[in-house]
Amino acid sequence: MDDGASADWSRIAVFVSAVDTALGKWLTDRYSIGLTEYRAIAHLAQASDRELRVNDLARGVGLNQSSVTRLVSRLEAKELTVRDVCPDDGRGVYAVLTERGQALVREVRAPYEERLRELVREAGEHDPHLDAGRLRSAFAAIGGLVSS
């Protein structure tokens, strides 16, 4: 019996959580950086001038204001970002990717993409409750909701 969109969404959420957990462990073990930290510096690397308002970075990585403030502090401690104040608006704070941060993104990007592909392909092998057929159906059903 299928419970509709909520069951499909739950399957996708479990799948994403399993992949994110494995990615986070891999990043920490290999590069000493957390998954959200990597996503933040990768997001900054794609921004013009390698900088974003902290509010925009929060939206880009799916965090609230206080969480992204702590994230930027951790990135600063690792010398991957610095903060800058908007010259036109003293209230605006930017997170700016450093050269060290840019170098880390370049180093991690290709292996990260490959590891992500492996984890997505193999998720069902490591988590038997992630039935590939039901997961494909869930993605299709949710995709249909997005495009409607």
Side-chain angles (χ1 to χ4, degrees), residues 1-84 93-148:
M1 178 175 166
D2 186 25
D3 296 327
S6 63
D8 290 331
W9 186 253
S10 291
R11 282 186 197 95
I12 291 170
V14 167
F15 174 76
V16 169
S17 179
V19 171
D20 275 358
T21 298
L23 268 177
K25 181 175 179 353
W26 177 83
L27 280 167
T28 300
D29 291 349
R30 183 164 286 192
Y31 298 100
S32 300
I33 187 169
L35 180 58
T36 304
E37 293 171 334
Y38 175 71
R39 286 180 174 159
I41 64 173
H43 200 63
L44 287 168
Q46 294 176 355
S48 67
D49 297 330
R50 297 183 325 209
E51 67 180 26
L52 288 170
R53 279 184 173 256
V54 171
N55 300 10
D56 295 332
L57 181 60
R59 279 190 295 278
V61 296
L63 295 176
N64 63 36
Q65 183 65 38
S66 63
S67 294
V68 81
T69 298
R70 288 190 302 274
L71 170 65
V72 171
S73 293
R74 287 194 312 271
L75 294 172
E76 281 184 307
K78 294 179 180 185
E79 299 178 350
L80 302 173
T81 65
V82 294
R83 290 177 214 236
D84 194 15
V93 178
Y94 285 84
V96 183
L97 190 65
T98 62
E99 288 300 322
R100 182 176 178 159
Q102 182 71 21
L104 183 59
V105 170
R106 282 192 302 268
E107 177 185 354
V108 174
R109 182 171 279 135
Y112 174 88
E113 292 293 327
E114 180 55 34
R115 183 69 181 137
L116 176 59
R117 283 191 291 275
E118 289 171 10
L119 289 168
V120 168
R121 281 193 306 266
E122 299 169 359
E125 295 172 20
H126 301 296
D127 288 308
H129 65 280
L130 293 174
D131 175 79
R134 293 182 84 182
L135 193 56
R136 276 191 298 276
S137 295
F139 274 110
I142 296 299
L145 292 174
V146 170
S147 63
S148 60

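Only this structure's heavy atoms are used, side chains among them; waters, hydrogens and symmetry mates stay out.
- Distance CG/Leu71 to OG1/Thr36: 7.0 Å, rounded to 0.5 Å.
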**Prompt:** Is there a salt bridge (charged side-chain N to carboxylate O under 4.0 Å, His left out) between Glu114 and Arg121 once you walk through the steps?
**Reply:** CA-CA 11 Å; Glu114 180 55 34; Arg121 281 193 306 266; 3.8 Å; yes
**Stepwise salt bridge (charged side-chain N to carboxylate O under 4.0 Å, His left out) test for Glu99 and Arg50** = CA-CA 10 Å; Glu99 288 300 322; Arg50 297 183 325 209; 2.8 Å; yes
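- To the nearest 0.5 Å, the span separating CG on Leu44 from CG on Asp49 amounts to 11.5 Å.
- Scanning all heavy atoms of the two residues, the minimum distance from Arg11 to Ala138 falls at CB-CB, 4.2 Å.
- Remark: side-chain polar atoms of Asn64 are paired, donor with acceptor, to backbone N or O of Ser66 under 3.5 angstrom.
- Counted within 6.0 Å of CH2 on Trp26, heavy atoms from surrounding residues, nucleotides or ligands total more than 12; the atom is thus considered enclosed.
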**Request:** List the steps, then state whether side chain to side chain contact (heavy atoms under 4.5 Å, CB included) holds for Glu76 with Thr98.
**Result:** CA-CA 9 Å; Glu76 281 184 307; Thr98 62; over 6 Å; no
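- What you find for Ala22 and Leu119 is that their closest heavy atoms are CB-CD2, 3.6 Å.
- Atom CD of Gln102 is separated from atom CD of Glu107 by 12.5 Å, given to the nearest 0.5 angstrom.
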**Request:** Begin from the C-alpha positions of Ser67 and Arg70 and carry the test side-chain hydrogen bond (donor to acceptor under 3.5 Å, both in side chains) through to its verdict.
**Result:** CA-CA 5 Å; Ser67 294; Arg70 288 190 302 274; 3.3 Å; yes
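- Nearest heavy-atom pair, Ala42 versus Arg109, reported as atom, atom and distance to 0.1 Å: O-NH2, 4.3 Å.
- Heavy atoms only, all atoms of each residue included: His43 and Asp56 are closest at NE2-O, 4.5 Å.
- Contact annotation: the side chain of Arg83 approaches that of Thr69 to within less than 4.5 Å [non-hydrogen atoms, C-beta and beyond].
- Nearest heavy atom pair, residue Ala40 against residue Leu57, reads O-CD1, 3.9 Å.
- With rounding to the nearest 0.5 angstrom, the CD atom of Glu37 is 7.5 Å from the CG atom of Leu80.
- Remark: Arg134 CZ to Ile12 CD1 distance equals 12.5 Å, nearest 0.5 Å.
- Closest approach of Asp8 and Ala141 over heavy atoms only: OD2-CB, 3.2 Å.
- Formation of a donor-acceptor pair under 3.5 Å by the Thr81 side chain with backbone atoms of Ala95 is not found in this model.
- The only member of Val108, Val61, Thr28, Leu23 that meets side chain to side chain contact (heavy atoms under 4.5 Å, CB included) when paired with Tyr38 is Val108.
- Considering Arg30, Arg39, Arg117 as possible partners of Tyr112, the one that fulfils the side chain to side chain contact (heavy atoms under 4.5 Å, CB included) test is Arg39.
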